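A short worksheet on the structure shown next.
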Amino acid sequence: MHRWSTLFIPTLREAPADAEVASHKLLLRAGYIRQLGAGIYSYLFLGNRSMNKIVAIIREEMDRIGQEFLLPALNPREVWEASGRWTVMGDNMFRLKDRKGAELCLAMTHEEVMTDIARKELRSYKQLPQIWYQIQTKFRDEPRPKSGLLRVRQFIMKDAYSFDIDEAGLDASYAKHHNAYVRIFERCGLNFVAVEADSGAMGGSGSQEFMVYTDAGEDLIASSASGYAANLEKATSRLTPVEDLAPTGDGQPELVSTPGMGSIADVTAFFGIHASQDIKCVAFMGTRTAAETDTPLLPIVTFLRGDHQVNETKLMAIAGVSELRPMVAEELELHIGGPAGFLSPIGIPEVMTQGSLNGLKTGKALEQIKGIFREDVPNRVLKTIVAMDGGLEGRKNLVAGANKLDYHLRNVTPGRDFTPTLIADIRNVNEGEGCPIDGSPLRIGKAVEIGHIFKLGYKYSKSMGATVLNREGKEVTLIMGSYGIGVERILTAAIESSAAANEGSSYALHPAIAPFHIVITITNIKDAALVAEGEKIATALEAAGLDVLLDDRDERAGVKFKDADLVGIPYRINIGRGVAEGKVEFVDRLQNQSNDIALNEIAGHVTTRITSALRTSLPAAVK
RNA sequence: CGGGGCGUAGCGCAGUCUGGUAGCGCACCUGGUUCGGGACCAGGGGGUCGGAGGUUCGAAUCCUCUCGCCCCGACCA
């Protein structure tokens, strides 16, 4: 039996000033965690118990579909060289040297180590499929650790990897993980949503993130009543049609003096138009992955409706680059030919011969460029990628910059007056726009990512040479999937959600992940009768299989109530003045209700209540 | 990495501008009174003021360097 009087549960009346988000404050105040350094935390008794419960749920569900390994956190450089990620990971990876000077790193993830095992051990299609997972500490040298346990440099992750012979196999492994994740998060009592996610510039056929809505989150997701849900990095929308302006003069692009009108707001005010009648230009220099350093930076000029914003993730994916930065003034002059604020889609230097395609090995943009030029202009390529957002397609008589200081053009019509290299969805969707499924209005909210499932494809198996022989005796490359869950984030998200419902002042965890199912508060331990009842009930509940915390401290009742609330335990029994009438008070903090129960019924009542709460959190399929 | 803020007792803070050798609340210890929503009274312990160097008769306070933490941005398999 756990007696509070003997435990180390250092609750704080006030939160340390460093804590900003609710979960961070509450985790500190409740004595779950203590900070050791930026993004480095110790998990104390309660925090560890809760984490262990989450891990146990994950393990139980993952064991239904896969096999648990435990891999080294300390990895030799070679295995990361093999995949090319020793360089790609850059400063995000912790690196160190051993006494002989050999280079090592602390693993950020385990694609490499798992694939290494697969390539050394898997020989035949008969051994497939395989799903291997582990629950392990990961290290990432985050540029900016923050928000308590939400973004840290050392954290526990469940990561799983699937190995299949073909895409159908991968689809099946992916689906298994999807189901397992739904069950895991349901059991943890989370209110989550699975969203379409960006699969990155390296391709991959599918990816979903499991998100929990919370203001503490760092991701934005768009969703609608139709059930559509996607990360903003990926989300699309239906635009309501915009009425084009009537042409002026001969309808051809017309130069207009616009002194000092360098912003969208200036221009729309000057012309008396809506921003949707204006063409916005945003220009970037893109960098291809570090493995392809033989090529220069790639100029990327984008044009969008004046009231739209560039989505850099979409742009990077479509342009096949791994980094983007804004062009500086000289670059604007060189690649576009105009000054900032007056950049124009008309008159961009179009082509350059030779060379710039070298090393451009990935990306849809390349295919499009090749497609455009293969037949008519062999060996020539657009010098600059001119990407136009789909929102401008078919529009007429727009206002745009003139590539000349203090001048704009009107009557600009895409397709007639300029031809982009590619037309694609490169913008952020906005709140209220139509959902792509049924047009119902999109809602955009902040969320925290608690899990991610991802069809990796051949990225690692190919670069690392993981192959097996198929039925025909032919060597084929394994197809992989990768699947992660952030254990701390489950705890954090649960606390954030509950705290939000309580205006940040307190929270209650689902019994499945709370450090204890129930706390029994003996309001006055100097009253031997109360102590005796508390002990009796605690013993009975423990015998029924519940995790019980008996608050037997010599504290005033108020202190114990405050602490009981603070530690997030979902159920409480108050043993106090009611005992004289043979009753105790049962408090359900999740439902926010309390009622008196007879002493001889309390154990049975509570056991039923909690075991049923644990059961109803399971998805219908496993009830 | 850019911008901002902060390091004074376990926690929250004042004192720094204007140099004179450190204080408040909570927590902690002792005694007493209290005892169902963070009690009260009395007494007490605890701080090389993040670190190093400098200026000065004298530095928490002024100067230089440095370390750490937080926030915004950049970044985020």
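Proteins get letters first, then strands, A, B, ... in listed order; numbering begins at 1 in each. Excluded from the calculations below are hydrogen atoms, water molecules and symmetry mates; all remaining heavy atoms, backbone and side chain alike, are included. Remember, predicted model here, so these are calculated numbers, not experimental data.
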Looking only at atom [atom1], what distance separates [N] and [M], rounded to whole Å?
N	M	atom1	result
B:rC72	B:rG53	P	36 Å
B:rU16	B:rG5	C1'	16 Å
B:rG50	B:rA42	P	32 Å
B:rC49	B:rC13	C1'	14 Å
B:rG15	B:rG73	C1'	34 Å
B:rG23	B:rC41	C1'	22 Å
B:rC40	B:rA27	P	8 Å
B:rG2	B:rU48	P	34 Å

Rounded off to whole Å, could you give me the [atom1]-to-[atom2] distance for the [X] and [N] pair?
X	N	atom1	atom2	value
A:L566	B:rG37	CG	P	17 Å
A:D554	B:rU30	CG	P	12 Å
A:R553	B:rC35	CZ	P	19 Å
A:Y41	B:rC70	OH	C1'	10 Å
A:D527	B:rU34	CG	C1'	16 Å
A:I575	B:rG36	CD1	C1'	13 Å
A:K25	B:rC70	NZ	P	15 Å
A:I520	B:rG36	CD1	P	19 Å

Contact nearer the 5' end of RNA chain B, comparing A:A15 with A:G558:
A:A15

By nearest-nucleotide position on RNA chain B, the 5'-leaning member of A:E449 and A:G37 is A:G37

Would you classify [X] as touching base, sugar-phosphate or nothing, given that sugar-phosphate means primed atoms plus P, OP1 and OP2, and contacts are heavy atoms under 4.0 Å?
X	result
A:R151	base
A:S83	nothing
A:I525	nothing
A:A19	nothing
A:K560	nothing
A:Q35	sugar-phosphate
A:D91	nothing
A:M157	base
A:R489	nothing
A:P16	sugar-phosphate
A:G484	nothing
A:R34	nothing

If you only use heavy atoms from C-beta on, which nucleotide in [options] is closest to the side chain of [X]?
X	options	answer
A:R572	B:rG37, B:rC69, B:rC76	B:rG37
A:K146	B:rC71, B:rC76, B:rG38	B:rC71
A:K526	B:rC72, B:rU34, B:rG36	B:rU34
A:N574	B:rC75, B:rC13, B:rG36	B:rG36
A:A17	B:rC13, B:rG25, B:rA74	B:rC13
A:T11	B:rG12, B:rG38, B:rC75	B:rG38

Residue-phosphate contact under 4.0 Å: [X] side-chain N/O, [N] OP1/OP2:
X	N	result
A:R13	B:rC26	no
A:R556	B:rA39	yes
A:R144	B:rC76	no

The test is side-chain contact (heavy atoms from CB on, under 4.5 Å); show your working for A:Y133 and A:Y483 and say whether it passes.
CA-CA 9 Å; A:Y133 82 96; A:Y483 317 88; over 6 Å; no

Within a radius of less than 6.0 Å around CG of A:D91, do more than 12 heavy atoms belonging to other residues, nucleotides or ligands occur?
no

A:E503 CD: over 12 foreign heavy atoms closer than 6.0 Å
no

Sort out the partner of [N] for me: Watson-Crick or G-U wobble, both distances under 3.5 Å, none otherwise.
N	result
B:rU34	none
B:rG73	B:rC1
B:rG20	B:rC57
B:rG43	B:rC29
B:rC6	B:rG68

Does any donor atom in the side chain of A:S223 or A:Y213 lie under 3.5 Å from an acceptor atom in the other side chain?
yes

Modelled atom types, side-chain donor and acceptor of A:S147 and A:H24, under 3.5 Å:
no

Side chain A:Q208, main chain A:I453, donor-acceptor under 3.5 Å:
no

Among A:E20, A:E449, A:E142, A:E488, find the residue that satisfies the salt bridge (Lys or Arg N to Asp or Glu O under 4.0 Å) test when tested with A:R151.
A:E142

Could you check whether the rings of A:Y181 and A:F210 sit parallel, tilted or perpendicular, using 30° and 60° as the cut-offs?
tilted

Within-4.5 Å side-chain heavy-atom neighbours: A:F454 and A:H177:
no

Taking atom types as they are modelled, would you say the side chain of [X] forms a donor-acceptor pair with the base of [N] within the 3.5 Å cutoff?
X	N	answer
A:E555	B:rG38	no
A:E14	B:rG10	no
A:D563	B:rG38	yes

Passing candidate, side chain to side chain contact (heavy atoms under 4.5 Å, CB included) with A:L509, options A:L590, A:L491, A:I569, A:V567:
A:L491

